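Note sheet for the following structure.
Both counts, for ligands and for their atoms, begin at 1 and track the order of listing. All values derive from a computational prediction rather than experimental measurement. Computation of the quantities below employed the complete heavy-atom set of this structure, encompassing side-chain atoms and omitting hydrogens, waters and symmetry-equivalent molecules.
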Amino acid sequence: MDTLQNRQVWLASRPNGIPATTDFAVRKADIPKLGEGEILVRNRFLSADPAMRGWIVDKSTYWPRIEIGDTMRSFAVGEIVESRNPDYAAGERVMGLFGWQDFAAAGAAQITRKVTEDDLPLSLALGVLGVNGLTAYFGLLDVGRPKSGETVVVSTAAGGVGSAVGQIARIRGCRTVGVAGGPDKVRQCLEQFGYDAAIDYKAPSDLDDALRRACPGGIDVFFDNTSGAIHDAVLRQINVGARIAICGTASYASWEPWNQGPRPERHLLVTRAIMQGFLVTDFAPRFREAIDDLAGWVREGRLKYREHILDGIEQAPGSIEKLYAGGNDGKLLIRL
Ligand code: NAP
């Protein structure tokens with residue numbers, strides 16, 4: 001261990017809006033020394049998630065903000081090389097908030113779970129068997145509560161979360177309609193992820209009209225990852241008793257102050273629709289149940305996934321910008 005060094009991606013400046021490559025820098029550091037109850041993890045894959053933008057904005061949102069000079073917080077997966085915690089042994093694989101670095105000293109609070117699906121690729125623990133799959137599972141099934149035969153619309157439908165939402169809705173017997181950016185992602189929605197219809201929101205055609213044609217019976221569940229114009233168009237076509245799961249707000253260029261938009265209150269009243277935000281971490285006590293279902297569907301070939309893997313830690317600083325440009329083709333990961 002003495003000959004090895006740690007590399008860390010740290011926050012060099014606080015971005016105003018979407019973080020750029022230049023807001024981060026890479027430094028060398030010693031391998032961390034373990035305190036009582038900690039494990040030393042050698043990260044193999046780092047995650048790049050849209051949510052990371054919110055972790056570094058000026059104001060804390062649901063987690064404390066990351067300070068200038070801090071190693072970037074991120075989910076990561078790797079193996080334990082040393083343990084001072086009786087619940088974890090060297091050689092076991094773990095996923096958690098280990099940061100954009102080669103090695104992390106992690107206490108129990110940072111460890112999300114042991115990765116025991118030895119027959120499946122380790123990287124899946126950050127994607128379809130990680131935050132993406134869990135968000136899709138609980139956001140759809142617990143917040144969206146789809147019933148067989150209902151129409152489910154999903155935004156960022158070809159992305160890590162969205163592609164899983166569409167497929168789980170289909171497993172539950174729903175008609176699925178995806179909204180994604182560009183003809184390639186629309187093709188993926190139809191050919192790989194089994195959506196019944198898919199709409200390119202970047203095409204010059206009328207989104208309201210495209211939704212009307214794709215959802216002739218109206219919309220019962222909307223799993224929203226973008227907010228903005230897509231959200232407004234979907235809302236205009238919801239059915240009585242619709243459920244709207246607010247998962248992400250990828251379309252906002254800035255979160256300050258309250259973004260302007262329509263006033264949906266009267267429409268929600270008339271349709272008796274329910275709109276609910278959620279964080280995947282709210283469901284942490286039930287992660288095991290979801291992982292068992294998700295891994296089963298992956299093994300059966302009913303839950304397909306795409307990964308976009310960047311090689312080398314020096315790729316991490318530009319990865320959030322890439323997500324917000326729609327430049328990812330599936331779950332965005334950095335392989336170490
Ligand atoms: P992703 O969908 O794989 O990648 C982000 C996608 O956002 C891009 O590929 C792009 O897709 C889309 N996008 C970017 N800018 C946009 C814009 N201006 N308008 C519309 N779409 C835009 O990312 P992911 O990790 O699966 O996350 C999807 C969403 O889930 C994010 O909003 C994220 O914050 C949210 N999320 C929420 C939770 C939670 O607990 N609530 C947990 C995890 C993720 P197109 O190319 O199709 O435009």
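- A salt bridge links K114 to E92: one of the charged nitrogens lies within less than 4.0 Å of a carboxylate oxygen.
- Contact annotation: Y252 has no heavy atom less than 4.0 Å from any atom of ligand 1.
- What sits closest to atom 9 (O) of ligand 1 on the protein, heavy atoms only, is N328 OD1, 2.6 Å.
- Looking at atom 29 (C) of ligand 1, its nearest protein heavy atom turns out to be N225 OD1, 3.4 Å.
- One finds a salt bridge joining R213 and D209 here, because a Lys/Arg side-chain nitrogen approaches an Asp/Glu carboxylate oxygen to under 4.0 Å.
- Nearest protein neighbour of atom 22 (C) of ligand 1, counting heavy atoms only, is Y201 OH, 3.6 Å.
- Atom CZ of R288 sits in a crowded spot, with more than 12 heavy atoms from other residues, nucleotides or ligands closer than 6.0 Å.
- No salt bridge links R172 with E150; every basic N to acidic carboxylate O contact stays at or beyond 4.0 Å.
- Applying the 4.0 Å criterion to heavy atoms of V131 picks out, from ligand 1, the atoms 43 (C).
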Problem - E38 and L40: CA distance, side-chain angles, deciding distance, side chain to side chain contact (heavy atoms under 4.5 Å, CB included) verdict - result: CA-CA 7 Å; E38 288 188 326; L40 183 65; over 6 Å; no
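- Residue-to-ligand polar distances keep T226 apart from ligand 1: every N/O pair is separated by 3.5 Å or more.
- Taking the charged nitrogens against the carboxylate oxygens, R65 and E67 do have a contact shorter than 4.0 Å, which makes a salt bridge.
- For the residue pair N225 / S155, no side-chain donor-acceptor distance below 3.5 Å is found, with atom types taken as modelled.
- Annotation: atom 47 (O) of ligand 1 to nearest protein heavy atom, G181 N, 2.8 Å.
- At under 3.5 Å, a nitrogen or oxygen of V280, whether backbone or side chain, sits near a nitrogen or oxygen of ligand 1.
- Judged by the 6.0 Å and 45° rule, R53 forms a cation-pi pair with Y324.
- Contact atoms of ligand 1 toward A180: 47 (O) (distance under 4.0 Å to a heavy atom of the residue).
- The shell of residues lying under 4.0 angstrom from ligand 1, judged by heavy atoms, includes C247.
- For G159, no nitrogen or oxygen atom sits less than 3.5 Å from a nitrogen or oxygen atom of ligand 1, counting backbone and side chain alike.
- Taking 4.5 Å as the limit, some side-chain heavy atom of P146 sits within range of a side-chain heavy atom of L140.
- For the pair K331 and Y305, the cation does not sit on the ring face, since its NZ or CZ is not both under 6.0 Å from the ring centre and inside 45° of the axis.
- Here the rule is salt bridge (Lys or Arg N to Asp or Glu O under 4.0 Å) with D329, and of R306, K185, R187 only R306 fits it.
- Annotation: side chain of L303 is in contact with side chain of V128 (closest heavy-atom distance under 4.5 Å).
- The shortest N/O to N/O separation between T281 and ligand 1 does not fall below 3.5 Å.
- Inclusion of A325 in the set of residues having an N or O under 3.5 Å from an N or O of ligand 1 is not warranted.
- Here atom 13 (N) of ligand 1 lies nearest to A250 when heavy atoms of A250, S251, G327, G277 are compared.
- For K331, no heavy-atom contact with ligand 1 is shorter than 4.0 Å.
- Closest protein heavy atom to atom 8 (C) of ligand 1: L323 O, 3.3 Å.
- Looking at I111 and Y88, their side chains come closer than 4.5 Å, going by heavy atoms from C-beta outward.
- Ligand 1 has no N or O atom lying under 3.5 Å from any N or O atom of T135, backbone or side chain.
- Closest protein heavy atom to atom 34 (O) of ligand 1: P50 CB, 3.6 Å.
- For atom 7 (O) of ligand 1, the nearest protein heavy atom (residue, atom name, distance) is T156 CG2, 3.5 Å.
- For ligand 1, the polar-atom distance check against V161 finds a nitrogen or oxygen pair separated by under 3.5 Å.
- For atom 11 (O) of ligand 1, the closest non-hydrogen atom of the protein is K185 NZ, 3.7 Å.
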